[in-house]
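Count residues from 1 along the sequence. These numbers come from the heavy atoms of this one structure, side chains and all, not from hydrogens, waters or symmetry mates.
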Amino acid sequence: MTPSLSGRAAFISGAGHGIGRATARAMARLGGTVGINDVKPEFVQEAVAEIRALGGQAIGLPCDVSTREGMREAVALFTREAGRLDIMVNNAAWVRYQPLAEITPEVMDRMVEIGFKSVIWGIQAAAEAMDAERGGTIVNVASIAGFKSPTRSVVYSGIKAGVLGITRAAAADLGGRNIRVNAVAPGAVPTEGTAKHRNAELDARRIARTPLRRLGTVEEIADAICFLAGDAARFLNAEVLRL
């Protein structure tokens with residue numbers, strides 16, 4: 001079944017680059033109106049321009065969604081401009097890999113605010129904005145690190161394991177309102193943000209452990225998110241796609 005998001009409106013946090021931007025492109029290509037959120041206005045402008053140049057509909061939302069107020073403001077603005085909210089993709093993250101002994105309160109607080117708290121704030125805001133009868137769907141971007149953690153990733157792995165727990169609990173809370181909550185858990189996917197944490201030797205080891213003998217792409221993760229957001233997954237709830 002080829003998914004169609006025609007007439008639907010999707011808010012995507014952290015959509016200025018990487019998986020978020022690829023998801024925005026994919027959803028716009030499927031007919032959706034996409035809300036491009038990122039804390040960096042220049043990233044938002046570039047992503048919106050790209051999608052509009054391809055014939056898609058995009059709304060720029062350069063807001064900091066790490067706070068409850070910031071997320072509520074961004075989602076409310078998008079809902080007013082798009083006229084509705086059907087899909088919420090909680091993708092925003094800020095990542096630092098550090099040895100256990102070197103973890104600082106400042107780094108941990110920032111990672112938790114953006115990667116963990118913003119997921120809860122996003123679910124809250126989406127549930128409030130989604131139509132009471134029509135419902136909607138929420139997709140959280142977790143990570144394979146929530147299941148199998150690499151070294152130097154205590155905070156990151158903890159956050160992504162937490163996102164999996166949030167997904168299951170929110171699915172239970174919101175299922176009665178016809179709001180589905182699922183997640184994707186990508187492995188090592190080359191993006192602008194992960195480039196400084198990768199090298200040829202490390203990639204080769206990852207590829208050797210992957211049955212398909214290659215790394216995934218941001219477009220492939222975006223396609224999985226679109227699947228979970230679309231009608232083909234209409235009876236999937238509290239599920240996680242490991243990619």
Side-chain angles (χ1 to χ4, degrees), residues 1-15 18-20 22-35 75 78-79 82 84-93 115-116 118-148 159-187 189 210-212 216-243:
M1 181 184 294
T2 301
S4 171
L5 301 179
S6 179
R8 300 185 192 179
F11 181 103
I12 306 156
S13 71
I19 291 171
T23 300
R25 285 196 302 266
M27 289 188 168
R29 187 177 65 247
L30 294 171
T33 298
V34 296
V75 171
F78 175 67
T79 304
R84 57 192 287 167
L85 177 69
D86 304 285
I87 300 163
M88 180 76 182
V89 181
N90 289 306
N91 169 73
F116 183 84
S118 76
V119 176
I120 296 177
W121 305 147
I123 293 170
Q124 274 190 347
E128 181 179 317
M130 288 174 174
D131 183 82
E133 294 185 7
R134 191 169 58 238
T137 183
I138 299 169
V139 183
N140 300 323
V141 178
S143 167
I144 201 68
F147 297 96
K148 184 178 181 181
I159 288 169
K160 292 305 185 180
V163 170
L164 298 175
I166 291 170
T167 299
R168 292 188 295 267
D173 282 354
L174 298 176
R177 291 185 48 194
N178 196 30
I179 298 176
R180 299 183 295 107
V181 187
N182 294 291
V184 294
V189 177
T210 304
L212 289 177
T217 67
V218 292
E219 290 78 16
E220 288 166 331
I221 308 306
D223 287 344
I225 293 171
C226 290
F227 164 71
L228 288 174
D231 290 341
R234 60 189 174 274
F235 199 62
L236 286 182
N237 198 28
E239 294 296 335
V240 180
L241 294 183
R242 302 192 198 191
L243 302 165

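Screening I123, N182, L228 for a side chain to side chain contact (heavy atoms under 4.5 Å, CB included) involving N140 leaves a single residue, I123.
We find the CG-OG1 distance between L85 and T33 to be 11.5 Å, quoted to the nearest 0.5 Å. Note that CZ of R177 is 12.0 Å distant from CD of E133, once rounded to the nearest 0.5 Å. Put simply, CZ on F11 and CG on N91 are 11.0 Å apart, with the number rounded to the nearest 0.5 Å. Within the model, atoms CG of D223 and CZ of R29 stand 6.5 Å from one another, a figure rounded to the nearest 0.5 Å.
Taking 4.5 Å as the limit, some side-chain heavy atom of I87 sits within range of a side-chain heavy atom of L5. V75 is not listed as a side-chain neighbour of W121, based on a closest heavy-atom distance of 4.5 Å or more. Inter-residue side-chain proximity for I221 and V141 is flagged as unmet; no heavy-atom pair is nearer than 4.5 Å.
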Side chain to side chain contact (heavy atoms under 4.5 Å, CB included) between L164 and V240, intermediate numbers included
CA-CA 8 Å; L164 298 175; V240 180; 3.7 Å; yes
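Shown here for I19 and P186, the closest heavy-atom pair between the two residues is CD1-CG, 4.2 Å. Considering all non-hydrogen atoms of both residues, A142 and V163 come closest at CB-CG1, 3.9 Å. Nearest heavy-atom pair across A22 and E219 is CB-N, 4.3 Å. Considering every non-hydrogen atom in both F227 and A232, the closest pair reads CE1-CB, 3.8 Å. Nearest heavy-atom pair across M130 and M88 is CE-N, 4.1 Å. Closest approach of M27 and I225 over heavy atoms only: CE-CG2, 3.9 Å.
Ion pairing between a basic and an acidic side chain is recognised when a charged N comes within 4.0 Å of a carboxylate O; D86 and R134 show such pairing.
Looking at R180, its side chain does come within 3.5 Å of a backbone N or O of L236 through a donor-acceptor pair. Between the side chain of S6 and the backbone N or O of G31, no donor-acceptor pair lies under 3.5 Å.
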